[in-house]
Amino acid sequence: MSDVRDRMVARAAREIAPGMVVNLGIGLPTKVVNHLPADFPVCLHTENGLTGIGPTLPPEKADRNLIDAGGAYVSTIPGSAFFDSATSFAIVRSGRLDLTMLGAFEVSAAGDLANWRIPGKFSPGVGGGIELAQKARRVVVLTTHTDRAGNAKLKQECSLPLTARACVSRIFTDMAVIDITAVGFVLVEIAEGVSAADVVAATDAPLVVPDMPLPTF
Amino acid sequence: MSDVRDRMVARAAREIAPGMVVNLGIGLPTKVVNHLPADFPVCLHTENGLTGIGPTLPPEKADRNLIDAGGAYVSTIPGSAFFDSATSFAIVRSGRLDLTMLGAFEVSAAGDLANWRIPGKFSPGVGGGIELAQKARRVVVLTTHTDRAGNAKLKQECSLPLTARACVSRIFTDMAVIDITAVGFVLVEIAEGVSAADVVAATDAPLVVPDMPLPTF
Amino acid sequence: MKLPDKRRAIHDAIAEIKDGDTVMIGGFGVPGTPMTLIHALVDHGARNLTLIKNDANEPGMGIDHLLQSGQVARLITTHLGLNCNAIALMNSGKLAVEFNAQGILAERIRAGGAGIGAILSDIGIGTELADGKQVVEMQGKVYVVEPALRADVALIHADRADSFGNLAYVATARNFNPLMATAADCVIAEAERVLPLGQLRADDVHTPGVFVDHLTELGELSKEYAVVRR
Amino acid sequence: MKLPDKRRAIHDAIAEIKDGDTVMIGGFGVPGTPMTLIHALVDHGARNLTLIKNDANEPGMGIDHLLQSGQVARLITTHLGLNCNAIALMNSGKLAVEFNAQGILAERIRAGGAGIGAILSDIGIGTELADGKQVVEMQGKVYVVEPALRADVALIHADRADSFGNLAYVATARNFNPLMATAADCVIAEAERVLPLGQLRADDVHTPGVFVDHLTELGELSKEYAVVRR
């Protein structure tokens, strides 16, 4: 992982407050766990039926019956609990999930999230994404600021099918930390070596840039 | 228990086929268990969360955490399982309960059952009775043929609030075994020392008496 | 990572309950009834409560203390047959009682804990229990709408817990406890034993600790938990 | 009284499956997928099946065998991302696929097992997943009706069982298995170990045996159950 992506993930890890129950989506969000202190009080949840996720294990140490929702072989920690798929989403939908960190294809200025389907190209099914996006108490997105072709992922309106409306509170990218507010995207932190003008140029919607020095990460 | 009631309960016990899952209601039905052979293959269910009910225990041998839905201290047998109240009624409503034996205030010729409420006199709540009556694959009633004042419990129409409509298949009383059919009550067996005319006189609805010798119990 | 410790003094936990709150209380008869938390709620004194509980226990036991102290305005339940005090309060109009079919009460609580709005059920259709309820036709069949139930607070009795609040129940003391433990904004559990993290096997947990807010370990059990000699 | 013995030869149990049946299959990825029962269903050859399963496993594993043998007409699922074969079948129109939100699929199956008609949910409102679904207004809020799912047959993988069919699962191999084990007219379970009655503690049973019709003990596990090296 490039240095700036590593800093972005490390910054996202600071979003996790002590005592939270957190679900980390597949991809970049999963890597957030590497930036949490060893004795940090947090409970990680995975959709396939586990609270208290421990370290990922290599195949030779893996338990064939113990994976996370992304298919990675994980482990338990003291106090882990297993449960069925209905209970797993009861946790999500009833408000016991304090925070989820998800990937994104697109995020709109209203906080709409599109991250599950690209019609004609990629339609593997929604999995648990809708419920995480719609029901976690706080939803933040980790994503590169633009796609591989350089197109903005932060847009006035999403063009792809939505996962959930008005669900995203904050976006961590390799360029910036951006909040979704009543007035749309607001720049709150910026990556070292990136200018506010760079972020504005890479964002396909108005971006409020506060008239004050911004923290860097 | 008087001799004829004992014979009625023993007769009802023969209604249980090997392999069945059975719920025995509070009162007379509970006593049916005393008439099952020791190695009879059957699974008894109670609403408060147990399959595989074992013998009732006196207070000095009782487990404070192990009761049936009527509050009696019961025991387990090899293969018993405990579960929560939602699972307990999932068993009932999804068709896994082969038979329930219930008490009754009134049963109508259409198989309507009233056994939970006497307005102005007795309204303790319905408990699990509605779901047992409505959803067990087969519902039979154990009751005295008449109430203490001598009034018929088998009537053309119930006058009390219903537990469930058209749910009862068969009634075991201290006078007879009576089936509910498309043409109403049909006498199928008779207690020793009772005449068909006695049963007709104690029943407040037409009773079909087959023109053939009836088995006795 | 390590899991947070939820242990708290019983009166601190109960202090969060406010006048007018809806309180779910586990138990079916004596087994699973959180007798100690109930006494703490009597001491606390919150009034005008709505209780959700399978039954009203028996005179002088369990929630009968809350009924007798006048703290309860409304009771959502299935059966009061063993508590003549509760029936008398109901009949005199001092206690509003809503009766549910037992399995439907369980499902409504479970729905609240599962973040579902309601279930569609055919239980009670054709009887007075369905009177006045919203109905929906689906695929040609009529169902009653049974709305989810949630509470401000749930009082839970467990056999064993760990310090994160993972709970395990024993025998028929399970009953409504695991359902209610998912369906309240604040879940307070009493446990006969609180074990160190890791001592409750992950496969044997009945209620995941993420649902539990406060946990208290019981000392010697009072007589109310014992076998009832009638 | 004693509890009946549900043990049966695997092919006898599978023989009950008919062309056109709806079959629920447990598992989330490899863990909990009844690999041996799936192979028996391939051998059996029933066609025009509707499968209900969280995912389509991976190429050459689990239900991919049933997809490749052409026995499956329709798949009700949540995510096919790890099986390019399944996606190709879907895109070519040879396999009808109905996608559900994962927790809603779980709830629909659970509702089928609980004898409930449907749940009312707000999941997916405002997205294409809610398009065309029946809606109901309750207490001023709009919900979609998510009908219960039941199957003719459920294929279940358990870690341990007793001869009555009480089941216990291990780790994340639990997933959809306990839900599906309640929601089919005929429930067939494979277990890694079948213990004598009384060896599975009553408090540790995850699926009560009353839900299980047929039970088979697995011998040595095939490679498909092993850790996947990608």
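In what follows, chains carry the letters A, B, and so on, assigned in the order in which the sequence lines appear, proteins first and then strands, with residues in each chain numbered from 1.
For C:Asp203, the parts sitting under 4.5 Å from any heavy atom of chain A are the backbone and the side chain alike. With a 4.5 angstrom heavy-atom cutoff, C:Asp5 does not touch chain A via any of its atoms. Contacts between A:Ile91 and chain C at a heavy-atom distance below 4.5 Å involve backbone atoms as well as side-chain atoms. Using a 4.5 Å cut-off between heavy atoms, C:Ala184 touches chain A through its backbone atoms (N, CA, C, O) alone. Both the backbone and the side chain of A:Val42 come within contact range of chain C, judged by heavy atoms closer than 4.5 Å. Only the side chain of A:Leu44 has a heavy atom closer than 4.5 Å to any heavy atom of chain C. With a 4.5 Å cut-off on non-hydrogen atoms, A:Val33 touches chain C through its side chain but not through its backbone.
Around atom NZ of C:Lys133, more than 12 heavy atoms belonging to other residues, nucleotides or ligands sit under 6.0 Å away. In the displayed structure, C:Arg8 atom CZ is contacted under 6.0 Å by more than 12 heavy atoms of other residues, nucleotides or ligands.
Side-chain contact check for A:Phe83 versus C:Val205: every heavy-atom pair is 4.5 Å or farther apart. Between A:Thr87 and C:Phe211 there is a side-chain heavy-atom pair separated by less than 4.5 Å. In this structure the side chain of A:Pro78 never reaches within 4.5 angstrom of the side chain of C:Phe164, judged on heavy atoms.
Your options are A:Ser80, A:Gly54, A:Pro18, A:Pro55, and the one with the most heavy-atom pairs under 4.5 Å with chain C is A:Ser80. Ranked by heavy-atom pairs under 4.5 Å with chain A, the list C:Gly165, C:Gly209, C:Ala148, C:Ala202 is led by C:Ala202. Interface summary for chain C: among A:Gly19, A:Ala86, A:Ala38, A:Pro37, the most heavy-atom pairs under 4.5 angstrom belong to A:Ala38.
A distance of 7.5 Å separates CG of C:Leu3 from OG1 of A:Thr51, quoted to the nearest 0.5 Å.
Closest approach of C:Val210 and A:Cys43 over heavy atoms only: CG1-SG, 3.7 Å. Among all heavy-atom pairs drawn from C:Met1 and A:Ile77, the shortest one is O-CD1, 4.2 Å. When all heavy atoms of C:Gly112 and A:Ser94 are compared, the pair lying nearest together is O-CB, 4.2 Å.
Salt bridge annotation for A:Arg96-C:Asp185: absent, with no cationic side-chain nitrogen under 4.0 angstrom from a carboxylate oxygen.
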